[in-house]
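Because the structure is predicted, anything quoted here is derived from the model rather than measured. Naming convention: chains lettered A, B, ... in sequence-line order (proteins, then strands); numbering from 1 in each chain.
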Number of protein chains: 2
Amino acid sequence: MTLILKICQLESGEACVNKKQQQAEQTKKKIADAARALFAQKGYKATAIEDIVKAAGCSAGNIYYHFKNKEGLFVYLLEDWNREWDRTWLVKEKQYLTTTDKLYGMAEYLALDQMSHPLTKAADEFFNNAEKAPEVEERINEMVQGYIEFNRRLLQQGIDNDEFAIKNVSSLAIILDSLLLGLSQHSRRMEREEALEAYRLAMDVFLQGIARRIR
Amino acid sequence: MTLILKICQLESGEACVNKKQQQAEQTKKKIADAARALFAQKGYKATAIEDIVKAAGCSAGNIYYHFKNKEGLFVYLLEDWNREWDRTWLVKEKQYLTTTDKLYGMAEYLALDQMSHPLTKAADEFFNNAEKAPEVEERINEMVQGYIEFNRRLLQQGIDNDEFAIKNVSSLAIILDSLLLGLSQHSRRMEREEALEAYRLAMDVFLQGIARRIR
DNA sequence: CATTATACTGAACATTTATTCAGTATAGGT
DNA sequence: ACCTATACTGAATAAATGTTCAGTATAATG
């Protein structure tokens with residue numbers, strides 16, 4: 001119960017060289033990985049805790065030791081995904097000069113992420129499922145707000161750079177997200193190249209739709 | 001077992017003056033109405049057959065007499081909704097002269113239908129749910145194809161009228177559907193006026209995006 | 001009136017599955 | 001060496017719920 005222990009607990013995970021905690025983090029990751037793969041393959045509802053137990057090679061109780069419940073486990077995976085996305089995007093963003101290019105880049109990245117990232121389908125299932133704890137509902141609302149805010153900033157950049165001539169940035173941020181959200185669902189019925197093409201074209205239309213007119 | 005009886009059975013419903021069949025149609029409708037209201041209120045999964053039984057005031061077995069199963073009941077409601085939409089749209093369409101106006105009209109109508117029509121949320125839940133019988137999956141694919149085909153024809157009209165200058169009509173039909181699909185999900189978090197405004201703006205952007213350029 | 005097909009009942013069934021909890025093992029601290 | 005908190009076990013629980021089916025009522029039929 002020393003100060004050092006306290007600090008040690010505050011730092012999440014790998015920084016602390018404690019054999020027990022290290023092992024715990026590892027099994028938590030093992031559970032998360034197994035769960036992610038299964039949710040991706042079978043969907044949220046269709047994946048039973050029992051399935052995760054088998055795949056992760058641990059007990060059911062252990063899952064509930066590391067996560068509050070099934071919902072909590074899924075939300076953890078979503079947040080993990082968001083974190084990863086932010087991190088990768090922050091790097092990728094630098095290679096684009098104009099906001100227009102950023103948007104095209106985002107579309108391309110989303111198309112590929114959507115294809116490669118398995119959780120999208122389960123996420124849509126989860127988002128659209130009515131039975132959620134109020135706190136989870138709230139957390140999802142925050143996530144959605146986050147996506148829109150992300151778009152809003154990007155669009156505002158484009159306005160500041162005189163690339164777009166629009167007024168209602170907030171509304172357009174929602175429209176952009178709608179477009180991408182709908183596309184993510186349709187792209188599930190497409191091949192990789194087809195999806196990529198669809199995302200590009202969608203962005204063409206959107207950008208033309210908000211571009212500076214000549215007159 | 002006369003010819004008249006056979007014809008009578010072929011005509012669905014009210015045309016036939018048979019007390020028993022009439023009553024049967026009526027209870028089927030009562031079940032459908034109760035189910036629609038409950039699915040709308042609580043979602044697909046969260047609505048138990050038991051709930052429908054109570055609301056419709058009939059037995060569980062009766063539901064399975066009129067519908068194959070829970071999925072079948074829901075698909076019936078979806079198809080009913082589609083039929084109704086087509087019918088209403090066919091009338092409404094006539095008041096618009098240009099394809100552009102038709103699209104605005106569709107957006108407005110969709111925004112209001114989305115708001116007023118309760119099934120949308122449950123439909124999204126159902127569509128995104130992974131556990132579906134293969135035949136149901138197939139039926140859903142057909143529905144989606146139907147929506148896209150609807151868009152495709154509308155866009156083709158616009159091209160024929162020289163309102164738009166686009167080539168890849170099929171792809172744009174998907175993009176339009178994506179936009180509307182995503183919007184339907186976001187509009188659930190909006191007030192009526194806000195949703196209407198969003199749909200209008202979305203159509204502004206889309207139309208500007210595919211409009212004839214000056215050069 | 002008798003027969004039959006249709007419409008309907010509702011209790012029982014079968015299965016699935018998230019969650020808990022009493023108990024065990026062990027690493028870390030003292 | 002002893003103690004304690006942490007990590008983990010896995011069988012039992014408990015509730016939900018879609019679906020069936022043997023049986024009943026009744027309108028149509030001949």
Side-chain angles (χ1 to χ4, degrees), chain A residues 1-9 13 16-31 34-35 38-39 42-54 56-75 126 129-133 136, chain B residues 1-6 8-9 13 16-31 34-35 38-39 42-75 126 129-133 136:
Chain A
M1 191 53 114
T2 65
L3 181 61
I4 292 162
L5 179 60
K6 270 225 139 104
I7 289 169
C8 191
Q9 287 175 331
C16 189
V17 211
N18 181 317
K19 195 178 169 186
K20 215 173 185 181
Q21 283 183 31
Q22 208 173 320
Q23 186 107 8
E25 284 290 323
Q26 209 172 307
T27 56
K28 182 171 182 176
K29 189 178 182 316
K30 203 162 66 177
I31 292 169
L38 283 165
F39 283 137
K42 312 176 58 172
Y44 175 73
K45 176 76 206 322
T47 297
I49 298 291
E50 178 71 18
D51 298 330
I52 304 174
V53 162
K54 276 181 201 151
C58 74
S59 67
N62 202 2
I63 293 177
Y64 285 83
Y65 179 77
H66 286 290
F67 303 94
K68 193 191 169 196
N69 49 25
K70 196 183 174 185
E71 274 188 330
L73 168 54
F74 195 78
V75 169
F126 189 77
N129 178 25
E131 294 165 308
K132 290 190 287 288
V136 174
Chain B
M1 189 55 115
T2 65
L3 181 62
I4 291 162
L5 180 61
K6 271 224 140 99
C8 189
Q9 286 176 332
C16 189
V17 211
N18 181 316
K19 195 177 170 187
K20 214 171 186 181
Q21 282 183 33
Q22 208 175 318
Q23 187 107 9
E25 283 290 324
Q26 209 173 306
T27 56
K28 183 171 182 177
K29 190 177 182 314
K30 203 161 68 176
I31 292 169
L38 284 165
F39 283 138
K42 312 176 58 172
Y44 175 74
K45 177 76 207 323
T47 298
I49 298 292
E50 178 72 18
D51 298 330
I52 303 174
V53 162
K54 276 181 201 152
C58 72
S59 67
N62 202 2
I63 293 177
Y64 285 83
Y65 178 76
H66 286 288
F67 304 95
K68 194 191 169 195
N69 50 24
K70 195 183 175 185
E71 273 188 330
L73 169 54
F74 195 78
V75 170
F126 189 76
N129 178 28
E131 293 164 307
K132 290 188 287 289
V136 174

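Out of C:dT20, C:dC8, D:dC8, the shortest distance to the side chain of B:Ala24 is found at C:dC8. When distances are taken from the side chain of A:Ser59 to each of C:dT19, D:dT19, D:dT9, the shortest belongs to D:dT9. Candidate nucleotides D:dA28, D:dT9, C:dA18 were compared by shortest atom distance to the side chain of B:Lys19, and D:dA28 ranks first. Proximity note for A:Lys70 (side chain, C-beta onward) versus D:dC8, C:dA18, D:dT19: the nearest is C:dA18. With distances taken from any side-chain atom of B:Cys58 to the nucleotides C:dA7, C:dT9, D:dC8, the minimum falls on C:dT9. Side chain of A:His66, nearest nucleotide from D:dC8, C:dG10, D:dT20: D:dC8. Minimum atom distance to the side chain of B:Thr27 is reached by C:dC8, of the listed C:dA7, D:dC8, C:dC8. The listed nucleotides are C:dT17, C:dC8, D:dG10; the one nearest the side chain of A:Ala48 is C:dT17. When each of D:dA7, C:dC8, C:dT20 is scored by its nearest atom to the side-chain atoms of A:Tyr65, the top-ranked nucleotide is D:dA7.
Look at NZ on B:Lys45: it is 8 Å from C1' on D:dA16, rounded to the nearest Å. D:dG18 atom P lies 12 Å from atom NZ of B:Lys54, rounded to whole Å. Per the geometry, CD1 belonging to B:Ile31 stands 14 Å off C1' belonging to C:dG10, to the nearest Å. Summarising the geometry, the separation between CD1 on A:Ile63 and P on D:dT9 is reported as 10 Å, rounded to the nearest angstrom. Rounding to whole angstrom units, CD of residue A:Gln22 and P of C:dA27 are separated by 13 Å. Per the geometry, CD1 belonging to B:Ile49 stands 16 Å off P belonging to C:dG10, to the nearest Å. Going from atom OH of B:Tyr64 over to atom P of D:dA22 covers 18 Å, rounded to whole Å. Look at CD on A:Gln26: it is 13 Å from P on D:dA7, rounded to the nearest Å.
Around NZ of A:Lys30, the count of heavy atoms belonging to other residues, nucleotides or ligands within 6.0 Å does not exceed 12.
Side-chain contact between A:Glu71 and A:Tyr44 is present, with heavy atoms from C-beta onward closer than 4.5 Å.
Within the structure, a side-chain polar atom (N or O) of A:Asn62 is placed less than 4.0 Å from OP1 or OP2 of D:dT9.
With rounding to the nearest 0.5 Å, the separation of CZ in A:Phe74 from NZ in A:Lys45 is 14.0 Å.
Below the 3.5 angstrom threshold, one finds a donor paired with an acceptor across the side chain of B:Lys20 and the base of D:dT26.
Minimum interatomic distance between B:Gly43 and B:Thr47 (heavy atoms only, all atoms of both residues): O-OG1, 2.8 Å. Of all the heavy atoms in B:Val53 and B:Ser59, the pair that sits closest is CG2-C, 3.9 Å.
With the nearest nucleotide of DNA chain D identified for both A:Gly57 and B:Tyr44, A:Gly57 has the one nearer the 5' end.
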